[in-house]
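These notes are about the structure you will find just below.
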Amino acid sequence: MTLLPPPLSLYVHMPWCVRKCPYCDFNSHGVRGTPEYAAYVDSLLADLDADLRDFGAALHGRTVETVFFGGGTPSLFSPELVGRFLDGARQRLSFAGDAEVTLETNPGTVEHGRFDGYLAAGVNRISFGVQSFDDDKLRRLGRIHSSSDAASAVREAQDAGIGNINIDLMYALPEQDLAGALDDVARAVALSPTHISHYQLTLEPNTAFAANPPPLPDDDAAWAIQEACEARLADAGYGQYEVSAYARPGRRCAHNLNYWRFGDYLGIGAGAHGKISDAQGVRRRWKTRLPAAYLASAGQTARIGGDSTVAAADLPFEYMLNALRLIDGVPAADFQERTGLPREAIASSLAECVARGWLLDDPAVLKTTPLGQRFLNDVIETFMA
């Protein structure tokens, strides 16, 4: 198996949040006392050093195209600490001159005037976890901010000079109707972000909502909401380029695009996942989840929660799980470049999907039809080993 090195990104996980939301299944931990934020940044850099040693030749000469601080709530970390990490990462890795650097934030945790600090630290894109502009829905989702907090935070970031802003919105919320979902979209659009992520609330295992489910719209109602909101976003100039992602022209999220195109990424931080292509194939590594354990194992082997090379038989599914989320699809040649497998490895699955009307009958591109987008999970399962 011969792999061409794909673009490289850096994901940095900041695990703390003010309060765990009942729908959240991410590796996030409610703040108790005062977390060791500065020590955590030291552990991040030690983790990065160790990964660079471990992956060695697979990273040699490669440039970081994007950085993404996810969580948790990364904005609990001061601009100075975010800047310290970025400075340290730039000393260890080559960054592209136009590298996209995203910081996720909760509108309820940002102090007035801090956005200029994040901009000075090297952050050039902010992603706000708004979820809804309906205060009742925000309470039911366990969010700590109000709709006015969210609007104020977005405007403060814009006033600070951050020109690339995403707003996360959920739909199919507890007892939400179509009018309520469209109002959320309208209020997000009124703030003129460059990007809107619009995704359906789902009940994930091991969450409070899974244990005690709230009343959610049924599948038909959720589909009607999705279609209506897609149309409203398109009318407002936000082009859909992925199942849940909409952007102004030229403002697609480069970091997420690298995920969906099966690019490589280092995963640094408690519970962070990474993917690196090396001589053995596609290698996945993830870090120990608990912040205390991660801090105690800074830069040591114990920081690794798991490490494995993806079996060749599983690569078609893993590739399609990402690539087919893109509305425009991907060049067919990318499959071989990113997996090292010949097209023959997926020929029968492709033929089945084309016959069902799920994929375009085009040898140059891997792209779902509108029907395939509706039944995307079924399409992707066709490529399972």
Side-chain angles (χ1 to χ4, degrees), residues 13 15 17 19-30 68 70-73 104 106 127-134 136-145 166-178 180-185 188 195-230 232-233 240-246 253 256 259-260 271 273 286 289 317-318 320-327 358 368 370-384:
H13 193 74
C17 54
R19 184 174 65 199
K20 183 84 170 179
C21 295
Y23 59 84
C24 178
D25 69 336
F26 295 156
N27 184 37
S28 59
H29 304 266
F68 197 101
T73 305
E104 286 188 330
N106 181 331
S127 181
F128 286 101
V130 174
Q131 315 313 356
S132 177
F133 287 94
D134 181 315
D136 176 65
K137 296 293 186 284
L138 289 171
R139 283 190 293 272
R140 299 188 73 170
L141 292 172
R143 305 300 286 171
I144 65 170
H145 67 272
N166 171 65
I167 290 178
D168 277 348
L169 285 180
M170 286 183 174
Y171 68 92
L173 303 178
E175 298 182 299
Q176 186 181 52
D177 59 16
L178 176 58
L182 287 171
D183 184 63
D184 273 348
V185 168
H195 190 285
I196 294 175
S197 298
H198 186 253
Y199 53 99
Q200 183 175 350
L201 172 63
T202 55
L203 302 183
E204 302 293 346
N206 303 315
T207 64
F209 270 4
N212 187 22
L216 301 180
D218 62 27
D219 289 345
D220 288 339
W223 180 251
I225 289 172
Q226 180 181 332
E227 286 193 310
C229 290
E230 283 178 8
R232 185 66 56 87
L233 286 163
Q240 184 182 19
Y241 67 100
E242 187 267 345
V243 172
S244 303
Y246 304 77
C253 178
N256 287 341
Y259 288 157
W260 296 321
H273 284 241
W286 54 99
R289 289 175 58 86
F317 172 75
E318 292 221 9
M320 297 300 177
L321 181 65
N322 292 279
L324 293 185
R325 293 181 63 89
L326 293 169
I327 302 302
W358 289 344
T368 53
L371 181 65
Q373 280 294 319
R374 176 102 191 244
F375 296 99
L376 187 58
N377 288 340
D378 297 304
V379 180
I380 293 167
E381 285 178 4
T382 308
F383 295 88
M384 292 184 71

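One-based numbering along the sequence shown. Note that these values count all heavy atoms, side chains included, but never hydrogens, waters or copies made by symmetry.
- Shown here for L178 and A228, the closest heavy-atom pair between the two residues is CD1-CB, 3.6 Å.
- A222 approaches P217 most closely through the heavy-atom pair N-CB, 4.4 Å.
- Closest approach of G129 and D168 over heavy atoms only: CA-CB, 4.1 Å.
- No side-chain donor-acceptor contact under 3.5 Å links Y171 and Q176.
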Self-check item: CA sep, side-chain torsions, deciding dist, call: N106, R143, side chain to side chain contact (heavy atoms under 4.5 Å, CB included)
Solution: CA-CA 9 Å; N106 181 331; R143 305 300 286 171; 3.8 Å; yes
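- The CZ atom of R232 sits 9.5 Å away from atom CG of D183, with the distance rounded to the nearest 0.5 Å.
- Here the straight-line distance linking atom CD of E230 with atom CD of Q240 works out to 4.0 Å at 0.5 Å rounding.
- In this structure, the ring-ring contact (aromatic ring centres under 6.0 Å, His included) partners of Y259, at least two apart in sequence or on a different chain, are H255, Y265.
- Under the side-chain contact (heavy atoms from CB on, under 4.5 Å) criterion, L216 pairs with P174, L201, L203, P214, sequence neighbours left out.
- Relative orientation of the Y246 and H198 rings is perpendicular, given thresholds of 30° and 60° on the angle between their planes.
- L371 meets the side-chain contact (heavy atoms from CB on, under 4.5 Å) test with W358, T369, F375; sequence neighbours excluded.
- Scanning all heavy atoms of the two residues, the minimum distance from C21 to G142 falls at SG-O, 3.9 Å.
- Residues passing the salt bridge (charged side-chain N to carboxylate O under 4.0 Å, His left out) test with E318, sequence neighbours excluded: R284.
- Shown here are the salt bridge (charged side-chain N to carboxylate O under 4.0 Å, His left out) partners of E175, two or more places apart in sequence or in another chain: R140.
- Shown here are the side-chain hydrogen bond (donor to acceptor under 3.5 Å, both in side chains) partners of E104, two or more places apart in sequence or in another chain: there are none.
- With sequence neighbours excluded, no residue forms a ring-ring contact (aromatic ring centres under 6.0 Å, His included) with F133.
- Scored by the ring-ring contact (aromatic ring centres under 6.0 Å, His included) test, H145 finds no partners at all (sequence neighbours excluded).
- For H13, the side-chain hydrogen bond (donor to acceptor under 3.5 Å, both in side chains) partners two or more places apart in sequence, or in a different chain, are Y11.
- Ring pair F209/Y23 is tilted by interplanar angle, where 30° to 60° counts as tilted.
- No donor-acceptor pair closer than 3.5 Å links the side chain of R325 to the backbone N or O of W260.
- With rounding to the nearest 0.5 Å, the separation of CG in L376 from CE in M320 is 11.5 Å.
- The 12-atom threshold is exceeded at OH of Y199, counting heavy atoms of other residues, nucleotides or ligands nearer than 6.0 Å.
- If you take SG on C24 and CG on L141, they are separated by 11.5 Å, rounding to the nearest 0.5 Å.
- If you take NE2 on H29 and OG1 on T73, they are separated by 12.0 Å, rounding to the nearest 0.5 Å.
- Applying the side-chain hydrogen bond (donor to acceptor under 3.5 Å, both in side chains) definition to pairs two or more places apart or across chains, those involving residues 371-384 are T368-Q373.
- Every residue two or more places apart in sequence or in another chain was checked for a side-chain hydrogen bond (donor to acceptor under 3.5 Å, both in side chains) with T207, and none qualifies.
- Listed here is the closest heavy atom pair of L173 and Q131: CD1-O, 4.3 Å.
- If you take OG on S132 and CZ on R139, they are separated by 10.5 Å, rounding to the nearest 0.5 Å.
- Applying the side-chain hydrogen bond (donor to acceptor under 3.5 Å, both in side chains) test to every pair with at least one member in residues 208-223, sequence neighbours left out, gives these pairs: W223-E227.
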Practice problem: Walk me through it: do S197 and I167 pass the test side chain to side chain contact (heavy atoms under 4.5 Å, CB included)? | Solution: CA-CA 6 Å; S197 298; I167 290 178; over 6 Å; no
